[in-house]
Amino acid sequence: MSVDDDAVRLRTEADEPGWEVDPDDAWGLAVIETVGRQLRLRREAAGLRAAEFGDAVGYGEDMVYKIESGRRIPRQEYLERADETLGAEGLIAAAWEDVKKVRYPKKVRDLAQAESKAVELQLYDPLNVHGLLQTPEYARGLLLMRRPAYTEEEVERFIAARLARKAVFERDPAPEISFVLEEWTLRRPLGGRELLRRQLHHLLEVGELRNVELQVMPMDREEHAGIAGSIEVLKFEDGSAVGRSPIVSNGRPVSEPRQLRILELRYGIIRAQALTPRESTAFIEHLLGET
């Protein structure tokens with residue numbers, strides 16, 4: 001397999017931002033270095049120089065060296081082309097199953113892992129519809145508004161990571177999940193009214209799940225225990241828990257009982273101040289009719 005240089009421009013780092021390896025992610029580094037080493041050994045066994053191999057797969061020589069040295073995360077497309085070029089009969093392409101596990105930032109993987117083990121989740125976001133509730137289109141709209149702007153590659157990476165976390169809704173047995181949403185986040189037509197309509201419709205669908213409770217905090221409330229910021233509390237089967245909020249330890253995860261008590265106290269008051277789940281469903285249906 002070969003690529004005509006005059007017809008196809010070889011891809012460089014500038015074409016694939018966001019695929020760097022986190023130097024503090026030991027497990028991720030080990031996986032990417034192992035895959036890179038196997039790629040190099042197979043390329044050398046085939047008698048191909050890095051530049052020749054790069055031409056064949058459509059990547060620059062520098063990118064080939066960086067992937068083989070474990071400094072860049074290979075895309076699935078790269079592995080599939082390498083597999084075909086080296087005649088690996090699917091063995092190289094299969095490495096994507098390991099690579100995709102470390103594809104996302106470590107903090108995102110850690111959060112998804114914690115959510116996958118939790119038996120109860122208590123979630124409050126005062127600024128946006130919570131990430132677990134966002135449709136892909138709505139999430140894209142929010143990410144595209146970020147300044148300085150993300151590249152398209154980075155946007156896709158963040159959306160994929162967010163969608164991967166939605167597996168929490170598919171678990172069996174299902175965890176108990178509670179969300180409190182701010183009314184104003186349900187009224188802002190970010191990305192356009194059609195995107196908002198789809199998002200509101202999705203909220204109604206999620207709210208029908210037996211293990212999910214959605215509550216809306218109306219804007220006309222004269223008291224609000226959540227003005228200090230977001231709250232996230234995850235509880236596990238063994239009785240342990242972990243929480244996060246800007247009001248405790250500057251947003252770092254905490255598991256100390258005294259700090260968790262503060263988060264649970266505030267979340268409990270927020271829920272009491274918000275509309276009930278039944279009232280919230282009716283409220284969202286009303287907003288959908290207005291949008």
Side-chain angles (χ1 to χ4, degrees), residues 1-113 116 136 139-140 143-144 146-165 167:
M1 175 181 176
S2 64
V3 177
D4 187 341
D5 288 339
D6 294 330
V8 178
R9 183 175 65 84
L10 301 181
R11 297 181 70 83
T12 67
E13 278 192 281
D15 298 310
E16 296 186 355
W19 288 76
E20 300 84 2
V21 180
D22 182 354
D24 297 323
D25 184 0
W27 182 49
L29 280 170
V31 170
I32 300 306
E33 287 175 354
T34 299
V35 172
R37 187 181 307 112
Q38 292 302 314
L39 284 166
R40 177 177 59 80
L41 291 173
R42 284 183 174 273
R43 172 181 62 78
E44 292 175 346
L48 292 174
R49 293 178 299 172
E52 295 172 330
F53 179 74
D55 288 344
V57 298
Y59 281 74
E61 181 179 6
D62 184 58
M63 281 283 278
V64 172
Y65 279 128
K66 287 185 175 180
I67 289 174
E68 291 182 351
S69 63
R71 289 181 289 163
R72 295 280 298 182
I73 302 173
R75 294 178 49 154
Q76 184 175 16
E77 174 188 14
Y78 182 96
L79 294 173
E80 290 175 346
R81 290 183 180 181
D83 191 282
E84 181 180 352
T85 299
L86 299 173
E89 299 182 343
L91 294 177
I92 292 177
W96 176 249
E97 292 302 312
D98 294 316
V99 172
K100 71 180 181 181
K101 294 176 183 177
V102 298
R103 167 69 181 90
Y104 311 119
K106 184 176 184 298
K107 63 180 181 180
V108 175
R109 298 202 314 269
D110 290 345
L111 177 58
Q113 184 177 33
S116 71
R140 173 185 287 277
L143 291 167
L144 289 176
R146 193 259 195 187
R147 295 295 182 271
Y150 289 126
T151 65
E152 185 64 25
E153 192 72 45
E154 289 173 315
V155 170
E156 293 302 325
R157 184 185 183 192
F158 288 133
I159 291 175
R162 193 160 295 178
L163 291 178
R165 290 174 54 202

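Numbers here are sequence positions counted from 1. Every value quoted in this text rests on a predicted model; they were computed, and no experiment measured them.
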Sidechain N-carboxylate O distance under 4.0 Å for Glu52, Arg49 | yes

Could you give the distance from CG (Asp25) to CD1 (Ile32), rounded to the nearest 0.5 Å?
-> 9.0 Å

Which value, rounded to the nearest 0.5 Å, describes the distance between Leu143 atom CG and Glu156 atom CD?
-> 9.5 Å

Residues two or more places apart in sequence or in another chain: which of them pass salt bridge (Lys or Arg N to Asp or Glu O under 4.0 Å) with Glu97?
-> Lys100

Those residues that, when tested against [X], pass side chain to side chain contact (heavy atoms under 4.5 Å, CB included) (two or more places apart):
X	answer
Ala50	Arg43, Glu61, Val64, Tyr65
Glu80	Gln76, Ala93
Ala46	Leu48, Leu86
Arg146	Pro148, Tyr150

When you measure from the side chain of [X] to the backbone of [Y], do you find a donor-acceptor pair of N or O atoms at a distance under 3.5 Å?
X	Y	answer
Arg72	Ile67	no
Arg147	Leu144	yes
Thr85	Ala82	no
Asp83	Leu91	yes

Could you pull out the closest heavy-atom pair between [X] and [Y], with the gap in Å?
X	Y	answer
Val31	Asp98	CG1-O, 3.9 Å
Gly58	Arg81	CA-NH1, 3.9 Å
Pro136	Ile159	O-CD1, 4.2 Å
Leu10	Gly60	CB-N, 3.7 Å

For Tyr78, enumerate each residue passing the ring-ring contact (aromatic ring centres under 6.0 Å, His included) test, keeping only those at least two apart in sequence or located in another chain.
-> Tyr59

Tell me, please, which residues at least two apart from Gln38 pass side chain to side chain donor-acceptor pair (under 3.5 Å).
-> none

What residues form a side chain to side chain donor-acceptor pair (under 3.5 Å) with Thr34, not counting sequence neighbours?
-> none

Under the salt bridge (charged side-chain N to carboxylate O under 4.0 Å, His left out) rule, what pairs show up with a residue in residues 27-41, not counting sequence neighbours?
-> Arg40-Glu44

For Arg165 and Gln113, run side chain to side chain contact (heavy atoms under 4.5 Å, CB included): C-alpha distance rounded to whole Å, both residues' side-chain angles, the deciding distance at 0.1 Å, then the answer.
-> CA-CA 9 Å; Arg165 290 174 54 202; Gln113 184 177 33; over 6 Å; no

Which residue pairs pass the ring pair (Phe, Tyr, Trp, His ring centres under 6.0 Å) test when at least one of the two sits in residues 24-55, sequence neighbours left out?
-> none

Side chains of Leu29 and Val102: closer than 4.5 Å at any heavy-atom pair?
-> no

Could you go through the side chain to side chain contact (heavy atoms under 4.5 Å, CB included) check for Val155 and Thr151 one step at a time?
-> CA-CA 6 Å; Val155 170; Thr151 65; over 6 Å; no

